[in-house]
Structures are given as C-alpha cells and as structure tokens.
Asks: 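Below is the structure I would like to discuss, written out as structure tokens.
In what follows, chains carry the letters A, B, and so on, assigned in the order in which the sequence lines appear, proteins first and then strands, with residues in each chain numbered from 1. The figures that follow rest on heavy atoms only: side chains count, while hydrogens, waters and symmetry mates do not.
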Number of protein chains: 2
Amino acid sequence: MAATTRMTRQKKVIIDILKNTKNHPTADWIYEQARRIIPDISLGTVYRNLRQLTQSGEILELNYGSSYSRFDGNPVPHYHFVCENCGRVYDVDMPVLEKIEKEVEEKMGFSVKNHRLEFYGVCSDCQQKVRVD
Amino acid sequence: MAATTRMTRQKKVIIDILKNTKNHPTADWIYEQARRIIPDISLGTVYRNLRQLTQSGEILELNYGSSYSRFDGNPVPHYHFVCENCGRVYDVDMPVLEKIEKEVEEKMGFSVKNHRLEFYGVCSDCQQKVRVD
DNA sequence: TTAATTGCAAACCCTTTGCTTCATC
DNA sequence: GATGAAGCAAAGGGTTTGCAATTAA
C-alpha cells in the first residue's frame with residue numbers, strides 16, 4: 001500500500017512560499033524564507049518536502065546548467081528563459097507545442113510523457129549592464 | 001592576451017572517446033574508457049579537459065535531471081530524449097526549430113543565443129521490461 | 001496510538017582545486 | 001626554457017540520510 005502523507009506546518013509554509021513567488025527559487029532561498037516563519041526549520045526538511053512535492057507533481061524541479069536545482073510552484077507546462085549573465089529564470093509566455101511529442105513518438109517508437117524547452121541568452125536587465133562594460 | 005591551450009595525449013584520448021560514441025557518456029564513463037589507454041590518467045584531468053572542450057564549443061555538456069553531467073561529442077544543435085527508466089540519452093532526429101528563438105526575442109525583448117529541447121519518457125527497450133513487471 | 005515527519009549532523013557524490021612534477025610548444 | 005597541463009589527494013558544495021524525538025491523523 002502507498003504511504004500516506006501528512007500536512008505539516010513546515011510543508012504548508014514551503015508550498016506557500018513557492019506558490020507566491022515568480023522567482024523559480026533554489027532550495028536554499030526557500031529555506032531562508034521559511035526560517036522567517038519557522039526559525040528552526042531545517043534544510044533537510046526543506047529538501048525532503050521539495051522532493052515529495054516534485055514527485056507528486058505539485059511543483060516542478062528545474063535544473064538548467066547550474067549545479068543546483070530551482071523549483072517552480074507552477075506545475076502547468078510552460079517554457080523558460082535562463083539568463084546566462086545573472087542566472088535568473090523567466091517564464092516564457094508562449095503556447096506549448098502540442099504536436100511535437102507525437103512526432104517524436106512516431107519517429108522513434110518511444111513513449112513520450114513530456115518535454116522541456118529552455119532558451120538561453122541575456123535578459124533585458126543585463127543587456128543594459130553589458131553595454132556599459 | 002588569451003591563454004594558449006596545448007594538445008596533450010590525455011586530451012587527444014578524451015576527444016577521441018567522445019567523438020566515437022553515441023552514448024552521451026558521463027565524466028566517469030569517459031574516465032574508465034580513457035584508463036584503458038592511459039592507465040594512470042586522473043579523473044581531475046578528465047574533468048579539466050571536458051570543461052575546456054565545453055567552453056571552446058567543441059563538445060556539449062548535458063545536464064538533464066540527473067545529478068551528474070553527460071557529454072556530447074556532437075556540437076551541432078540537435079534535440080535529445082531522456083529515458084526516465086534507464087537514464088539513457090538518445091539523439092532525436094528532428095529539424096531544429098529555427099524561428100522559435102526570434103519569437104521569444106520579440107515577445108520578451110531578450111537576446112536569445114540558443115535553446116534546448118528535451119523529451120522525457122520511456123525508450124523502446126524499457127517499454128518491454130516495464131510490461132513484465 | 002502509530003507511523004509519517006522533523007532537526008540535527010554526518011555522510012554522499014559529483015566536481016573542482018592546490019600543489020608539485022611533467023611535457024608541449 | 002617557459003608555462004600550460006597532468007596526477008594526486010584533499011576540499012567544495014549541493015543534496016541526502018540515519019536516528020531519536022515530535023506531531024499529525
């Protein structure tokens with residue numbers, strides 16, 4: 001039988017932080033925010049909850065290039081833009097490519113469950129700074 | 001002035017391994033292969049060369065989900081399929097979406113340099129195994 | 001009551017780095 | 001020769017985990 005999961009104060013705070021930011025934060029950033037509400041929450045608890053929420057599909061784990069993961073409180077499929085200068089991750093407001101998964105399934109004979117599309121470049125904020133250099 | 005790079009026996013072997021596999025290997029796998037030819041090559045050397053080759057654009061570093069990187073000896077833009085069961089990474093033989101980067105540039109006002117598209121699912125090998133379970 | 005979750009700290013694992021020696025240019 | 005690169009081993013840094021104590025259900 002499947003293990004049941006319980007709603008804890010810690011998990012509630014973590015979900016709340018994630019659902020109320022657009023920043024695609026790292027585990028550590030979430031930990032710092034959570035400590036403002038539960039000062040002795042532990043980093044291990046943050047990681048355990050993030051993993052559980054990722055596995056249940058309630059949040060998304062992003063790992064684009066960097067050595068650490070970012071998390072996205074919005075599990076609805078969408079694309080991302082990663083700024084190679086400041087590291088920020090932006091949502092890209094663009095319709096999800098529907099047909100493309102079927103195309104791959106037919107071409108390769110694999111079962112495709114989802115896809116991820118990320119753009120890399122320099123965001124508008126950083127373009128201004130780069131000009132100055 | 002820019003630092004010059006030298007061609008060493010170690011680097012030659014690493015490039016050769018990468019150009020002659022379709023497996024998108026990990027650093028460790030490359031290390032094991034290289035040791036067959038240079039038994040006392042060090043893992044640090046493998047990592048240093050992989051980083052140098054990545055930075056010069058001669059190879060590609062892939063980091064899809066797992067906690068470790070894979071490397072691709074083919075720097076020409078193409079897409080990948082990641083099997084969630086066995087972890088293998090396959091090339092997807094599909095034309096690269098040309099117009100999509102411009103679309104994002106216009107929509108967001110960012111400068112887009114490249115994009116990455118990965119598909120996730122179960123490869124044909126693993127589909128057979130999953131049925132048995 | 002009972003078993004999932006927490007805090008704490010140590011362990012993990014992949015990757016990087018400092019330093020001396022080696023070898024390419 | 002000069003200096004970029006190798007080998008070795010230790011350090012780094014993000015993430016996971018073992019264990020006793022809590023706490024949700």
Side-chain angles (χ1 to χ4, degrees), chain A residues 1-18 23-56 58-72 82 87 89, chain B residues 1-18 23-56 58-72 82 87 89:
Chain A
M1 63 212 77
T4 60
T5 80
R6 293 176 185 173
M7 180 52 67
T8 63
R9 198 158 84 87
Q10 288 82 347
K11 192 195 284 188
K12 214 173 282 175
V13 166
I14 290 167
I15 292 173
D16 193 57
I17 290 169
L18 262 168
N23 288 331
H24 308 85
T26 62
D28 203 63
W29 188 89
I30 296 166
Y31 170 59
E32 290 304 333
Q33 299 302 310
R35 287 218 296 178
R36 296 182 179 181
I37 297 150
I38 307 175
D40 64 348
I41 193 174
S42 79
L43 189 53
T45 294
V46 172
Y47 273 106
R48 270 185 292 236
N49 277 297
L50 288 173
R51 184 157 34 131
Q52 192 183 95
L53 292 166
T54 300
Q55 284 173 349
S56 74
E58 197 166 341
I59 66 172
L60 255 40
E61 181 177 0
L62 316 175
N63 34 15
Y64 299 151
S66 8
S67 52
Y68 47 84
S69 286
R70 290 172 172 276
F71 296 86
D72 191 334
V82 182
V89 176
Chain B
M1 64 210 75
T4 59
T5 79
R6 291 177 185 171
M7 179 53 66
T8 63
R9 198 158 82 86
Q10 289 81 349
K11 192 195 285 191
K12 215 173 281 175
V13 166
I14 290 167
I15 293 174
D16 193 57
I17 290 170
L18 261 167
N23 287 332
H24 309 85
T26 62
D28 203 63
W29 187 89
I30 296 166
Y31 171 59
E32 289 305 332
Q33 300 302 309
R35 288 217 297 177
R36 295 182 180 181
I37 297 151
I38 307 175
D40 64 347
I41 193 173
S42 78
L43 189 53
T45 293
V46 173
Y47 273 105
R48 268 186 293 239
N49 276 296
L50 288 174
R51 182 156 36 129
Q52 193 184 95
L53 292 167
T54 300
Q55 284 173 349
S56 74
E58 196 165 342
I59 66 172
L60 254 41
E61 180 177 0
L62 316 174
N63 33 14
Y64 299 153
S66 10
S67 52
Y68 46 84
S69 286
R70 291 173 171 277
F71 296 87
D72 191 334
V82 182
V89 176

Asks: Mind checking A:E61 for me? I need base, sugar-phosphate or nothing, with any heavy atom below 4.0 Å counting as a touch.
Replies: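 Answer is nothing: A:E61 stays at 4.0 Å or more from every strand.
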Asks: Once you round it to whole Å, what is the distance between C1' of D:dT23 and NZ of A:K12?
Replies: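 From A:K12 NZ to D:dT23 C1': 13 Å.
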Asks: What is the distance from CD1 of A:I41 to C1' of D:dT22, rounded to the nearest Å?
Replies: 14 Å
Asks: How many whole angstroms separate atom CG of A:D28 from atom P of D:dT16?
Replies: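 Atom-to-atom, A:D28 to D:dT16, this comes out as 14 Å.
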Asks: Test side chain to side chain contact (heavy atoms under 4.5 Å, CB included) on A:R70 and A:N63; report intermediate values, then the result.
Replies: CA-CA 6 Å; A:R70 290 172 172 276; A:N63 34 15; over 6 Å; no
Asks: Just do the side chain to side chain contact (heavy atoms under 4.5 Å, CB included) check on B:D72 and B:I59 with the steps written out, would you?
Replies: CA-CA 6 Å; B:D72 191 334; B:I59 66 172; over 6 Å; no
Asks: So, taking the atom named CD1 in A:I38 and the one named NZ in A:K12, what distance separates them when rounded to the nearest 0.5 Å?
Replies: 10.0 Å
Asks: Could you tell me how far apart B:Y68 (OH) and D:dT16 (P) are, to the nearest whole angstrom?
Replies: 14 Å
Asks: For B:Q52 and D:dA5, give me the distance from atom CD to atom C1', rounded to whole Å.
Replies: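 Atom-to-atom, B:Q52 to D:dA5, this comes out as 9 Å.
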Asks: Rounded to whole Å, how long is the line connecting atom OH of B:Y31 with atom P of C:dC13?
Replies: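 Spelled out: OH on B:Y31 to P on C:dC13 is 16 Å.
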Asks: So among B:V46, B:V13, B:L18, B:I17, which one has a side chain to side chain contact (heavy atoms under 4.5 Å, CB included) with B:Q33?
Replies: B:I17
Asks: Within the 4.0 Å heavy-atom criterion, would you say A:T26 contacts the bases, only the backbone, or no part of the nucleic acid?
Replies: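 Contact class for A:T26: none.
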Asks: At under 4.0 Å, does any side-chain N or O of A:Q10 touch on OP1 or OP2 of C:dG7?
Replies: yes
Asks: Students often get this wrong, so: under 4.0 angstrom with heavy atoms, is B:Y47 touching a base, only sugar-phosphate, or nothing?
Replies: base
Asks: Return the 5'-most residue of the pair A:R48, A:L43 with respect to DNA chain D, ranking by each residue's nearest nucleotide.
Replies: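 It is A:L43 whose nearest nucleotide is closer to the 5' end.
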Asks: Touch check for B:D40, heavy atoms < 4.0 angstrom, all strands: base, sugar-phosphate only, or nothing?
Replies: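 It contacts sugar-phosphate atoms only.
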Asks: Ignoring hydrogens and angles, answer whether the base of C:dA23 and the side-chain atoms of B:R9 contain a donor-acceptor pair closer than 3.5 Å.
Replies: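 By the distance-only test, no, there is no pair.
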Asks: Tell me whether the side-chain N/O atoms of B:T8 come closer than 4.0 Å to OP1 or OP2 in D:dA5.
Replies: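 So the side chain of B:T8 is outside the cut-off, no N or O lying under 4.0 Å from OP1 or OP2 of D:dA5.
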Asks: For the pair made of CZ in B:R51 and C1' in D:dA6, what is the distance, rounded to whole Å?
Replies: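 Distance check: B:R51 CZ to D:dA6 C1' gives 14 Å.
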Asks: Let me know, please, whether B:R6 or B:G44 comes out on the 5' side of the other along DNA chain C by nearest nucleotide.
Replies: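 Nearest nucleotide further toward 5': that of B:G44.
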Asks: Report yes if a side-chain nitrogen or oxygen of A:N49 is closer than 4.0 Å to either non-bridging phosphate oxygen (OP1 or OP2) of C:dT6; otherwise report no.
Replies: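 Looking at the OP1 and OP2 atoms of C:dT6, one of them is under 4.0 Å from a side-chain N or O of A:N49.
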Asks: Checking A:S69 against A:E61: is there a side-chain donor and acceptor pair closer than 3.5 Å?
Replies: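 There is such a pair (donor and acceptor under 3.5 Å, judged by atom type) between the side chains of A:E61 and A:S69.
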Asks: Taking the nucleotide of DNA chain C with the closest heavy atom to each, which residue, B:T5 or B:T45, is nearer the 5' end?
Replies: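 So the residue in question is B:T45.
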Asks: Distance check needed: C:dT6 P versus A:I38 CD1, whole Å only.
Replies: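 Result: 9 Å.
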